[in-house]
Amino acid sequence: MGGSSPCASCKLLRRRCAKDCIFAPYFPPDDPFKFANVHKVFGASNVSKMLQELPVQQRADAVSSLVYEANARVRDPVYGCVGAISYLQNQVSELQMQLAVAQTEILCIQMQQEPTLPTQIEPDEKSLLLSTENLNNLPQYLAFPSSSNVIQDPLKRESLWT
Amino acid sequence: MTSTRCAACKYLRRRCASDCIFSPHFPSNNPQKFASVHRIYGASNIGKMLQQLPVHLRAKAADSLYYEAQRRIQDPVYGCVGIISRLHQEINTAKSELAKAQAEIAFFNAHAQAQGQPQFNLEAAAPSFNTFLPEQGSSAGHSSFGPSTWFY
């Protein structure tokens, strides 16, 4: 009896794994938990619909992000990914504050050192101010309570994006 | 005769029981909320997730599921993960800008010290420097939230 073993999805769903199974490229049989959480949170049918609506070249990334969200939801059934977003948003706010203080110090030092000259903003400082402005204009995504589960940058995790 | 069905039961075209698990969180005046979560998670999964939670946490869970569903509809490839990734990038950029600024301050202070001048002290020079700070949104650490602080 030949043929490859069914993908993790078809194993869990106890069905025949067709040659053109939409899950097979992304849920190999050697990692059953990957599909288990995705199925638990989103449901196989919904995942299948979502993947079918995407071009093939985007499906791997979509699966990775769905796996990430599903795992976050299983870890934190109340806030899921949203807790992480709130935590990171708070970090950005804190850093904005610290950066503003530091920039104020630099300007004051410059003014102190050259009181007779108009405050000249060096290109570097200008870029600092611009970057602060960009950070200030960063949309406040939301204000959920922060999650204590610090979630790493998903795009850096080799297991997700290779 | 006005309908008293919640948005979920209206969408699913079924009778809304008095103990319907969806009705506290998916009122009939916001049909989009349930439509979004149903599209991404499915009514059955939403019901299971809510049932597994204590009652006092279900509202927050429903709202966070709605938020994630909205992000997934807007960005079918990355959903919320795209936002997390962008925030990480912004944190890295801010940290690097901050390190640069702090290095400049350290340089100024070292230079001042070498010349026998007093080091710059922001608090002493400008006690009201708080006016320079950008308006703060949520405070650091745990932020309080409520209907008025939702962002969609």
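A quick note: this is a predicted structure, and the numbers were derived from the prediction, not measured. Protein chains get the first letters and strands the later ones, always in sequence-line order, with residue 1 at the start of each. Computed over heavy atoms, backbone and side chain alike; hydrogens, waters and symmetry mates excluded.
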Original post:
Between A/Gly43 and B/Asn45, which heavy-atom pair has the shortest distance, and what is it?
Top reply: N-ND2, 3.3 Å
Subject >> Heavy atoms of other groups near A/Arg15 CZ, more than 12 under 6.0 Å >> reply: yes
**OP:** Decide yes or no for A/Ile106 and B/Ile105: does some side-chain heavy atom of the first lie under 4.5 Å from some side-chain heavy atom of the second?
**Re:** yes
Subject >> Contacting moiety of A/Leu51, where chain B heavy atoms sit under 4.5 Å >> reply: neither
**OP:** Report yes or no: do A/Asp61 and B/Tyr78 form a side-chain donor-acceptor pair below 3.5 Å?
**Re:** yes
Original post:
Atom CZ of A/Arg73 and atom OH of B/Tyr41: how far apart are they, to the nearest 0.5 Å?
Top reply: 5.5 Å
Original post:
Any idea which heavy atoms bring A/Val82 and B/Tyr67 closest together, and the distance?
Top reply: CG2-CD2, 3.5 Å
Subject >> Portion of B/Leu65 that has a non-hydrogen atom of chain A nearer than 4.5 angstrom >> reply: both
Subject >> Point-to-point distance, once rounded to the nearest 0.5 Å, from CD of B/Gln89 to CG of A/Leu88 >> reply: 12.0 Å
**OP:** Could you state whether A/Phe33 and A/Val74 fall into the same hydrophobic cluster, counting links through intermediate Ile, Leu, Val, Met, Phe, Trp or Tyr residues with side-chain heavy atoms under 4.5 angstrom apart?
**Re:** no
Original post:
If you take all heavy atoms of A/Cys81 and B/Glu68, which pair is closest and at what distance?
Top reply: N-OE2, 3.0 Å
Subject >> Proximity breakdown for B/Leu53 and chain A, heavy-atom pairs closer than 4.5 Å >> reply: side chain
Original post:
How far apart are the closest heavy atoms of B/Ala101 and A/Ala102, and which atoms are they?
Top reply: CB-CB, 3.7 Å
**OP:** Between chain B and each of A/Glu53, A/Glu69, A/Lys49, count heavy-atom pairs under 4.5 Å; write down the option with the most.
**Re:** A/Glu69
Original post:
Atom CD in A/Gln103, atom CD in B/Glu97: separation rounded to 0.5 Å?
Top reply: 8.0 Å
**OP:** Any chance you could measure B/Glu104, atom CD, to A/Glu105, atom CD, to the nearest 0.5 Å?
**Re:** 11.5 Å
Original post:
Would you call B/Arg72 and A/Ser65 a side-chain contact if the rule is heavy atoms closer than 4.5 Å?
Top reply: yes
**OP:** Hey, could you give me the CD/CD distance between B/Glu90 and A/Gln96, rounded to the nearest 0.5 Å?
**Re:** 9.0 Å
Subject >> A/Ile85 to B/Leu87 - nearest heavy-atom pair and separation >> reply: O-CD1, 3.8 Å
**OP:** Would you give the length of the straight line joining atom CD of A/Gln89 to atom CD1 of B/Ile91, rounded to the nearest 0.5 angstrom?
**Re:** 9.0 Å
